[in-house]
Amino acid sequence: MTTVDPLVAQWLQSDGLWTISDDAALGDRWGETALTIERPTTIATKADAAAEGARVISFRGMPTVEDVAELPGTFVHSIGTVITVEHPDLGYEAGIDVFVINAEDDRATGVSLVTFLRRL
């Protein structure tokens with residue numbers, strides 16, 4: 001049986017760094033019913049975390065519609081996150097941010113059936 005280095009174990013159990021991203025306009029619009037979303041990531045810098053927070057707020061602040069697409073690669077690890085999809089066949093040439101709600105990876109073909117929410 002392999003054991004974990006004690007320093008690595010201590011690091012894995014330590015508290016993570018965190019930052020808060022907020023949008024005053026969305027807060028005014030939704031008031032007490034506004035959603036609070038917490039998302040742990042492996043983002044290392046505060047600036048990158050702030051940029052990701054702004055991207056999630058921008059996405060989640062608009063009405064969305066559910067969409068399904070076959071995309072190259074694997075996406076099960078992306079469930080519950082916002083990703084950028086660039087796919088000319090779907091009309092997303094410039095890239096579109098979507099929130100992945102389900103994925104069925106087919107490693108034999110290298111294609112995943114991804115269900116996501118996209119902004120209207």
Side-chain angles (χ1 to χ4, degrees):
M1 180 175 185
T2 305
T3 60
V4 176
D5 180 280
L7 291 176
V8 173
Q10 182 180 359
W11 174 73
L12 289 172
Q13 295 176 24
S14 65
D15 290 335
L17 301 174
W18 55 274
T19 187
I20 296 174
S21 297
D22 197 6
D23 185 281
L26 288 175
D28 290 344
R29 181 187 313 160
W30 295 103
E32 293 296 317
T33 63
L35 292 176
T36 298
I37 300 168
E38 296 181 10
R39 180 171 170 235
T41 71
T42 57
I43 295 174
T45 68
K46 189 168 186 169
D48 289 343
E52 176 64 10
R55 188 170 83 110
V56 171
I57 285 173
S58 172
F59 176 80
R60 296 295 300 254
M62 302 292 198
T64 58
V65 62
E66 186 174 312
D67 205 352
V68 178
E70 288 186 344
L71 301 174
T74 59
F75 290 89
V76 167
H77 63 279
S78 298
I79 294 173
T81 65
V82 176
I83 63 169
T84 302
V85 174
E86 295 175 6
H87 200 294
D89 294 343
L90 299 173
Y92 306 157
E93 293 87 359
I96 183 171
D97 289 340
V98 300
F99 183 78
V100 179
I101 58 175
N102 192 30
E104 297 173 22
D105 295 342
D106 185 346
R107 294 184 185 273
T109 62
V111 175
S112 185
L113 184 64
V114 182
T115 305
F116 52 84
L117 300 176
R118 65 174 172 80
R119 292 188 300 192
L120 287 178

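The first residue of the sequence shown is numbered 1, and numbering continues consecutively from there. It should be emphasised that the depicted structure is a prediction, and the values quoted were computed from it without experimental measurement.
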* same_hphob_cluster(Val100, Val85) at 4.5 Å side-chain heavy-atom cutoff -> yes

* **Where at least one partner belongs to residues 93-120, residue pairs that pass salt bridge (charged side-chain N to carboxylate O under 4.0 Å, His left out), sequence neighbours excluded** => Arg55-Asp97, Asp67-Arg118

* Determine whether Ile83 and Phe116 make a side-chain contact, defined as any pair of heavy atoms from C-beta on separated by less than 4.5 Å. => no

* Asked: What's the spacing between Phe75 CZ and Thr115 OG1 if we round to 0.5 Å?
  -> 12.0 Å

* Do you know which two heavy atoms are closest between Ala69 and Leu90, and how far apart they sit? -> CB-CD1, 3.5 Å

* Structure fact -> Residues at least two apart in sequence or cross-chain that pass side-chain contact (heavy atoms from CB on, under 4.5 Å) with Thr33, listed by chain then number, are Trp30

* To do: Please answer: with hydrophobic residues joined when any side-chain heavy atoms are less than 4.5 Å apart, are Ile79 and Ile96 in the same cluster?
  => yes

* Determine the minimum heavy-atom distance between Gly73 and Ser112, stating which atoms define it. => O-CB, 3.3 Å

* Asked: Just how far is it from atom CD of Glu86 to atom CG of Leu71, taken to the nearest 0.5 Å?
  -> 11.5 Å

* Asked: Just by distance, do the side chain of Thr45 and the backbone of Asp48 share a donor-acceptor pair under 3.5 Å?
  -> yes

* If you group Ile, Leu, Val, Met, Phe, Trp and Tyr by side-chain heavy-atom gaps below 4.5 Å, do Leu117 and Val82 land in one group? -> yes

* For the student: nearest non-hydrogen atoms of Ser21 and Ala49, plus distance -> OG-O, 4.5 Å

